[in-house]
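Since the structure is predicted, the reported quantities are computational estimates derived from the model, not experimental observations. Numbering of residues begins at 1 and proceeds along the displayed sequence. Just so you know, these numbers use all the heavy atoms, side chains as well, and skip hydrogens, waters and symmetry mates.
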Amino acid sequence: MLTPRMLVLTQTKGEALLEEGVQPGDKLAYGNAYLGVDQIEAGGFGSLSIFAPIRTTGDLTLNMAQSLRLWSSLGVLPDTQAGRTISLSAPYLKLGQTAYAPNGNTEAAYALDVPSAAGRKDSLHVEADHLDVYGRNEFLGFSDVAISSRGDIRMLATPSLVGSGRTTLFAPDLMTLTAAQIYAASGADAYLGVGFTNGGVSVESNPDNHLVIRSWGGPAPTVPYAVGGRLSVFGGVIEQGGVLRAPLGEIVIGAPYQNPVVRFLSGSLTSVSGAGLVMPYGGTVDGIKYELNGQAISIPSVGGSSVGGERQLRIAGEQIVVEKGAVLDLSGGGDLKGAGFVSGRGGSVDILTTALADANPAFAFSRSGNPVYALVPGYGGGYAPTGASQGFGAPATGRQVTIPEGVPGLPAGVYTLMPSSYALLPGAFRVEIGAAASAGLSGVSPTGNGSFVAAGYLGTANTGVRSALASQIIITPADVVRKHSGYNETSYNDFIIADAARRNIPRGMLTTDARALRLNFSHGAGLNGETALSFEGTALFSPAKDSQGFGGILSVTAEGAGTSTLQILADGQSPLSNIAGAAIEASQLNAFNANRLVLGGTLSANAYGQAEVGVFSDMEGVIVRSGAILRAPEVILTANGGGLGVLVEQGATIDTTGLGKPGFSSDQGYFFRTSMSAFVVSNGWINLLPSIGEVQPTIDIGGCAAGDLCSGETRILTEGTIGAATNGAFTLRDSVSYGARDLVLAVSAVNLGSADALAQAGAAGQLPPGMALNQDLLSSLLDGNRAQGTPALQSLVLNARDGFNIYGSVTLDTLDVNGVSRLERLVFGAPAIYGYGSAGDVTTIRTGEFIWAGAALPTRTPPLVPATPWRCRPVPRSSRGWAAASSTSRRRRSVSTMRPTRVRCGLCRAIGSRWASTASTSTPAR
């Protein structure tokens, strides 16, 4: 049909449109229908569903006693006077989108909608005890939209054939949402937006648009039964004063340039945590494949910010304000229970998907075809969860059952029916609904097989509706369910851990891991006299208590055309006016107490099963200004080419001491790589590999930006690793005092030789770009590790992408005046060592332990075990040193020193410890 259908809904029934004697079609246009609210009330209807676009001719108030479902657009007729108000209410209210199709599938094809009149100044008020949203909903023509639920506003999952698979609430100017909590249901892609949509599924907002989110006050409700949903919130000025949740999923709030202010009000909770959540979530039968509703799940990689595996909170705008009392919850937690039915000795029929009579015809109290559900004592919601594991299927909306006294472990009361898969949760029960019984059915009777037959009454939440006759309710405790059917109850977390061990790969992200938080500022934020970031609230980044989970990540970036630099300021410090980008005070970042702080980009692990963690830069420069102090267990600064690079000014401090571990590190088998630049200060062990990009951003530690005044000492303090990776220049100035256990420098090449030898090689065109290294520089690196309260430098790791180039005779010596090495180990990580010079040139290295790690790990799909290294350890003698047999390169070279010493060549692994030799042989030095 090419003509849109439209229902004109009025407060009272209008006059008849057909005169006596006229024929059908003479006066009525095809597809138009008329209905008065007084007609609905007169008919005694408690529920109403409308499957057509709705238009009103004036003010309208519609209150339903049970439920109201609207499946298309809503508006006021264009020729009606502006400023009309539509008020809708029901205990259960659903705003949805559907369509008609010849095959009866109402989610497959669209009927033409009726255009709405934009620019009207009408108002829409919607109230419910529980409100579900499905499909695309846009309230054109309403300048004020207020939607409230005394319970939850639940954004349901929408099939891809309906509204592009996105569930939306759109308003053009102002929208106020009030609820106990607003959340994305399992698998939902939900969107709350104020602005211009142009008929699409996203909005473009301007500063005049306003989105207000409120709660009813008091303690936040318990985390809903939902997992893996996505909730986006856009709308000019955003005031988040309610409870927003996407458990174990993603929340996106605001966009650069569209949101002048994103404000989190006191008492608000914004959470992607699953803490407190215990729910069924698929399962595995064989321990090899984990499935949810018949589909293999995709396991996200650690960190929560990898593409396709986002488990994070993203906030963007020109100004972000988090008031005292506001909470951003990224903490780890949640237990996703698995149950894969195994047909066999435990039972050949899954009684969570069928009646007991189908498992054993001797169970005469059951009937084939009876629906099967679950009830969970302690669940206070009136509506069953959707998505995830459904078992037999979803019960009717708001369906509840009243259970009498007499079932052990189940107090008498009213319970909400849940999908049957919930029956295996701790303390839960399987519920089978039989036919309505005679008036004589009462009480509770045991069946002899561990189940109980009770006289229960079915009802609907928030309506007072209850069946007149009792129904036969068969109640089976969870432990008894397991006696009738067998299940592999490997949980989601246990499967990921076991799968990683079986495949010898780093594990994926667990529910016990904390999530990631990304702040993305508009270009110019903090440079115009307004503070870009004000944080007085609480951010939760901890992993689940008593778990092996990893802590959370805070990433900070800014968007802008051309060169964009992020300035990190001391308190009260003015930003440099000659540098474009954004400026944030260091103390505001420290207040988040994140386990990892990434400035200028993001940290993202590759796909599950891969050990590489990428440092990705979104900015041309990051400057830690003189006087600024950054404090976190790990701080990463990253910049790409074309700008100022990474600069930690003279007088700035990065201090990670006393703050604990950052989370996943090279101790768990991961290595870190960038295609830009990265400067890492971490309490963990970070094996940072050379940059694989073509850009050459600089890293300057202890310098000073043009136009700035810098003084004092640059302090880089950590209990773990200081690492730098770049294809450009790396400068560590004399004003720097650092303390670290491991120093990792990752460059394109390392050129060993005296200043004269390197100058000659450069003049001859034989000196590749890279880091110059000689005894003077080595001594300065060792001398620089003098900061108090930090461990002595144990390892110096030099990772070269292309190789080590030795020019002339070179000596590298880490021994002190007593012959004791100032280093425990010196590591060369490179595919080759090349020698240039005469046959008589000799390279001598004296140290505690020397390791040549051999070929660098491959770029994209590295094994967990790198190539076989040379390990050279000294024999205990008065003269400590090492010797290794020579390697032939472009000109034969000899690498030798004192004897006796053993050369050990073994297989190095990055599992559990930094250099654990799994196999070794001893060869006398020559």
> Show your reasoning for whether side-chain contact (heavy atoms from CB on, under 4.5 Å) applies to I579 and Q567.
CA-CA 9 Å; I579 298 178; Q567 299 183 52; 3.8 Å; yes

> Without swapping roles, check the side chain of W852 against the backbone of A832 for a donor-acceptor pair under 3.5 Å.
no

> Please step through side-chain hydrogen bond (donor to acceptor under 3.5 Å, both in side chains) for the pair N687 and S666, ending with a clear verdict.
CA-CA 6 Å; N687 187 16; S666 296; 5.2 Å; no

> Exactly one of I629, L637, L589 should register a side-chain contact (heavy atoms from CB on, under 4.5 Å) with I568. Which one does?
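For I568, the side-chain contact (heavy atoms from CB on, under 4.5 Å) test succeeds with only one of I629, L637, L589, which is L589.
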
> With distance as the sole test, does Q573 use its side chain to make a donor-acceptor pair with the main-chain N or O of S626 at under 3.5 Å?
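Answer holds: yes.
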
> I need the full list of salt bridge (Lys or Arg N to Asp or Glu O under 4.0 Å) pairs touching residues 567-583, with sequence neighbours left out, sorted by first then second residue.
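Output for this query is empty, none listed.
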
> Counting only N and O atoms by type, is there a donor-acceptor contact under 3.5 Å from the side chain of S711 to the main-chain atoms of G651?
no

> Quick check: Y834 with F804 (ring centres under 6.0 Å apart)?
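So the answer is no for these two rings.
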
> Can T557 and D618 be counted as having a side-chain donor-acceptor contact under 3.5 angstrom?
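Absent: no donor and acceptor within the cut-off.
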
> Can you tell if the side chain of I722 reaches within under 4.5 Å of the side chain of D742, non-hydrogen atoms only?
no

> Should the ring pair Y670 and F550 be called parallel, tilted or perpendicular, given that the plane angle runs from 0 to 90° and is split at 30 and 60?
perpendicular

> Could you go through N799 and L688, starting from their C-alpha distance and side-chain angles, then the distance that decides it, and tell me whether this counts as side-chain contact (heavy atoms from CB on, under 4.5 Å)?
CA-CA 8 Å; N799 288 328; L688 186 61; 5.6 Å; no

> Backbone N or O of Q775 within a donor-acceptor pair of the S779 side chain at under 3.5 Å?
yes

> So E559 and N520, side-chain contact (heavy atoms from CB on, under 4.5 Å) or not? Walk me through it.
CA-CA 7 Å; E559 290 194 11; N520 190 19; 2.9 Å; yes

> To check you understand the geometry: which heavy-atom pair defines the closest contact between P697 and A639, and what is its length?
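Of all heavy-atom pairs spanning P697 and A639, the closest is CG-O, 3.6 Å.
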
> For side-chain hydrogen bond (donor to acceptor under 3.5 Å, both in side chains), just list the numbers for E310 and S306, CA-CA rounded to whole Å, side-chain angles, deciding distance to a tenth of an Å, and then say yes or no.
CA-CA 6 Å; E310 293 88 349; S306 60; over 6 Å; no

> Looking only at non-hydrogen atoms, find the nearest pair between G753 and N774 and report the distance.
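Between these two residues, the closest heavy atoms are O-CB, 3.5 Å.
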
> So D734 and V736, do their side chains get closer than 4.5 Å, heavy atoms only?
no

> Locate the shortest heavy-atom distance separating E318 from N528; write the atom from each residue and the value.
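Minimum heavy-atom separation between E318 and N528: OE2-ND2, 3.1 Å.
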
> Using side-chain heavy atoms (C-beta onward) and a distance below 4.5 Å, is L826 in contact with I851?
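No, their side chains stay 4.5 Å or more apart.
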
> At what distance, to the nearest 0.5 angstrom, does CG of L569 lie from OG1 of T531?
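Atom-to-atom, L569:CG and T531:OG1 are 9.5 Å apart.
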
> Under 4.5 Å between any side-chain heavy atoms of F672 and L603, yes or no?
yes

> Assess the side chains of S555 and T602: does a donor N or O sit below 3.5 Å from an acceptor N or O?
no

> Will you find, in the side chains of E694 and N727, an N or O donor that is under 3.5 Å from an N or O acceptor?
no

> Return yes if some donor-acceptor pair links the side-chain N/O of R625 with the main-chain N/O of S574 below 3.5 Å, else return no.
yes

> Could you measure the distance from the OG1 atom of T731 to the CD1 atom of I699? Nearest 0.5 Å is fine.
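Reported value, rounded in 0.5 Å steps: 9.5 Å.
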
> When R263 is tested against each of I238, V237, I320, V321 for side-chain contact (heavy atoms from CB on, under 4.5 Å), which residue passes?
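Only one of I238, V237, I320, V321 forms a side-chain contact (heavy atoms from CB on, under 4.5 Å) with R263, namely V321.
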
> Between R733 and D700, does a salt bridge (Lys or Arg N to Asp or Glu O under 4.0 Å) hold up when you go through it step by step?
CA-CA 8 Å; R733 298 181 185 268; D700 188 347; 2.8 Å; yes

> Looking only at non-hydrogen atoms, find the nearest pair between A582 and S522 and report the distance.
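Taking A582 first and S522 second, the nearest heavy atoms are CB-O, 4.4 Å.
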
> Identify the residue among S691, P690, S677 that makes a side-chain contact (heavy atoms from CB on, under 4.5 Å) with T726.
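Only one option passes, and that is S677.
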
> Please report the interatomic distance OG(S682) to CD1(I636), rounded to the nearest 0.5 Å.
7.5 Å

> Measure the shortest side-chain to side-chain distance between V797 and F828 over non-hydrogen atoms and say whether it is less than 4.5 angstrom.
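Of all side-chain heavy-atom pairs linking F828 with V797, none is under 4.5 Å.
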
> Give a yes-or-no answer on whether the side chains of S795 and R825 include a donor-acceptor pair shorter than 3.5 Å.
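Yes, side-chain donor-acceptor contact under 3.5 Å.
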
> Would you say Q650's side chain and G712's backbone share a donor-acceptor pair under 3.5 angstrom?
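Looks like yes, one N/O pair under 3.5 Å.
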
> Just wondering, do N805 and V750 contact through their side chains at under 4.5 Å, heavy atoms?
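SC-SC contact between V750 and N805 ruled out.
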
> Checking T844 side chain against T811 main chain: does a donor-acceptor pair fall under 3.5 Å?
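Judged by distance alone, no pair lies under 3.5 Å.
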
> I'd like to know if the side chain of E713 and the backbone of S735 have a donor-acceptor N/O pair within less than 3.5 Å.
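Flag not set: sc E713 to bb S735 has no pair under 3.5 Å.
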
> Could you tell me which non-hydrogen atom of G684 sits nearest to which non-hydrogen atom of P662, and how far apart they are?
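Answer, listing the atom of G684 first, then P662: N-CD, 3.7 Å.
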
> When you measure from the side chain of E649 to the backbone of A705, do you find a donor-acceptor pair of N or O atoms at a distance under 3.5 Å?
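Side chain of E649 to backbone of A705, a donor-acceptor pair under 3.5 Å: yes, one is there.
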
> If the test is side chain to side chain donor-acceptor pair (under 3.5 Å), which one of T721, T718, T657, N595 qualifies with N683?
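Considering T721, T718, T657, N595, a side chain to side chain donor-acceptor pair (under 3.5 Å) with N683 is found only for T718.
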
> Passes side-chain contact (heavy atoms from CB on, under 4.5 Å), F671 versus I686? Steps please.
CA-CA 7 Å; F671 65 90; I686 303 298; over 6 Å; no

> Do S821 and E824 have side-chain atoms, one donor and one acceptor, less than 3.5 Å apart?
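There is no such pair between these side chains.
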
> State, yes or no, whether a side-chain contact exists between T698 and V646 at a heavy-atom distance under 4.5 Å.
no

> Measuring from atom CD1 of I623 to atom CG of D708, what distance do you get when rounded to the nearest 0.5 angstrom?
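With rounding to 0.5 Å, CD1 (I623) is 8.0 Å from CG (D708).
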
> Could you check if a side-chain atom of Y807 sits within less than 4.5 angstrom of a side-chain atom of Q760, using non-hydrogen atoms only?
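Y807 vs Q760: side chains apart.
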
> Drop me the distance from T843's OG1 to L812's CG, to the nearest 0.5 angstrom.
8.0 Å

> Which residue pairs pass the salt bridge (Lys or Arg N to Asp or Glu O under 4.0 Å) test when at least one of the two sits in residues 575-599, sequence neighbours left out?
R596-E634

> For R822, which of D813, D816, D783 qualifies under side chain to side chain donor-acceptor pair (under 3.5 Å)?
D783

> I need the T656 OG1 to K661 NZ distance, nearest 0.5 Å.
9.5 Å

> Write down the atom of A514, the atom of F541, and the distance for their closest heavy-atom approach.
CB-O, 3.0 Å

> Would you kindly say whether D329 and S331 are connected by a side-chain donor-acceptor distance under 3.5 Å?
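Note: D329 and S331 side chains meet the donor-acceptor criterion.
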
> Assess the side chains of T270 and Q240: does a donor N or O sit below 3.5 Å from an acceptor N or O?
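Side chains of T270 and Q240: pair found under 3.5 Å.
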
